Amino acid sequence: DAGITQSPRYKITETGRQVTLMCHQTWSHSYMFWYRQDLGHGLRLIYYSAAADITDKGEVPDGYVVSRSKTENFPLTLESATRSQTSVYFCASTGRHEQYFGPGTRLTVT
Amino acid sequence: DQQVKQNSPSLSVQEGRISILNCDYTNSMFDYFLWYKKYPAEGPTFLISISSIKDKNEDGRFTVFLNKSAKHLSLHIVPSQPGDSAVYFCAASASGNNDMRFGAGTRLTVKP
């Protein structure tokens, strides 16, 4: 199916653990993005990528690492999860101006 | 520093009436504005957009108005339907900049 998918959809992890959230898109869009959604803040950009092997920081990058070895994949890694990283994470890719979002990953850090 | 603000966290309207969702921004470099709609447990979906060279864009029941001097935009939904009940996010970006900023969202409830 064409589109943008995220896995896992739900994840519970412990403080200090490494967690990787996966994102895959089938449109061959150049740009991909990671956001987190928190109550009262809307969506905040964590990292984005203009193409394979090109990434850049967004508004809230601390504590996160990204890579993009292939155009279609853009994984987000929390190297040492903290409770403040409990959130819903959305991956997106861009058409022209508008962005197309995945279904989200709800991450809970205990 | 929230550059895009949606000051109403929620809005309730009667089916068939007009829904007006508001958004303010502070960054004068923003020149492209979008509205997204989000249902629970789903990702946001693009609804409508407007470039700063326009002051109005219409798509069916949805119209976005932009007032550049006031740094304000609004989304009008006429007539409102129960299926429009969702969270609406306003977003803004500047040309050549992929750092899109989102508002905190407004939860719209349309009552039958």
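Convention: sequence-line order gives letters A, B, ...; per-chain numbering from 1. For clarity, every value in this text was computed on a predicted model and none was experimentally measured.
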Return yes if some donor-acceptor pair links the side-chain N/O of B:Ser8 with the main-chain N/O of B:Ser10 below 3.5 Å, else return no.
no
Look only at the side chain of B:Glu58 and the backbone of B:Thr63, and say whether a donor-acceptor pair between them is shorter than 3.5 Å.
no
Decide if the gap between the ring center of A:Tyr100 and the ring center of A:Trp27 is smaller than 6.0 angstrom.
yes
Below 6.0 angstrom between ring centroids: does that apply to A:Phe33 and A:Phe101?
no
Chain B contact via A:Gln6 - which portion, at a heavy-atom distance below 4.5 Å
neither
Select one option (side chain, backbone, both, neither) describing which atoms of A:Arg9 are under 4.5 Å from chain B's heavy atoms.
side chain
I need the minimum non-hydrogen distance between B:Ser74 and B:His76, along with the two atoms involved.
OG-NE2, 3.4 Å
To the nearest 0.5 Å, what is the distance between CD1 on A:Ile54 and OG on A:Ser49?
7.0 Å
Can B:Asp84 and B:Arg61 be counted as an ion pair, charged N to O under 4.0 angstrom?
yes
For chain A, find which of B:Ala41, B:Ser51, B:Gly103, B:Pro44 contributes the most heavy-atom pairs closer than 4.5 angstrom.
B:Pro44
For chain B, which residues from residues 66-75 of chain A have at least one heavy atom closer than 4.5 Å to it?
none
Pick from A:Val88, A:Leu43, A:Leu45, A:Asp56 with the largest number of heavy-atom pairs that fall under 4.5 Å of chain B:
A:Leu43
Going by the side chain to side chain donor-acceptor pair (under 3.5 Å) test, name the single residue among A:Trp34, A:Tyr35, A:Tyr64 that passes it with A:Tyr89.
A:Tyr64
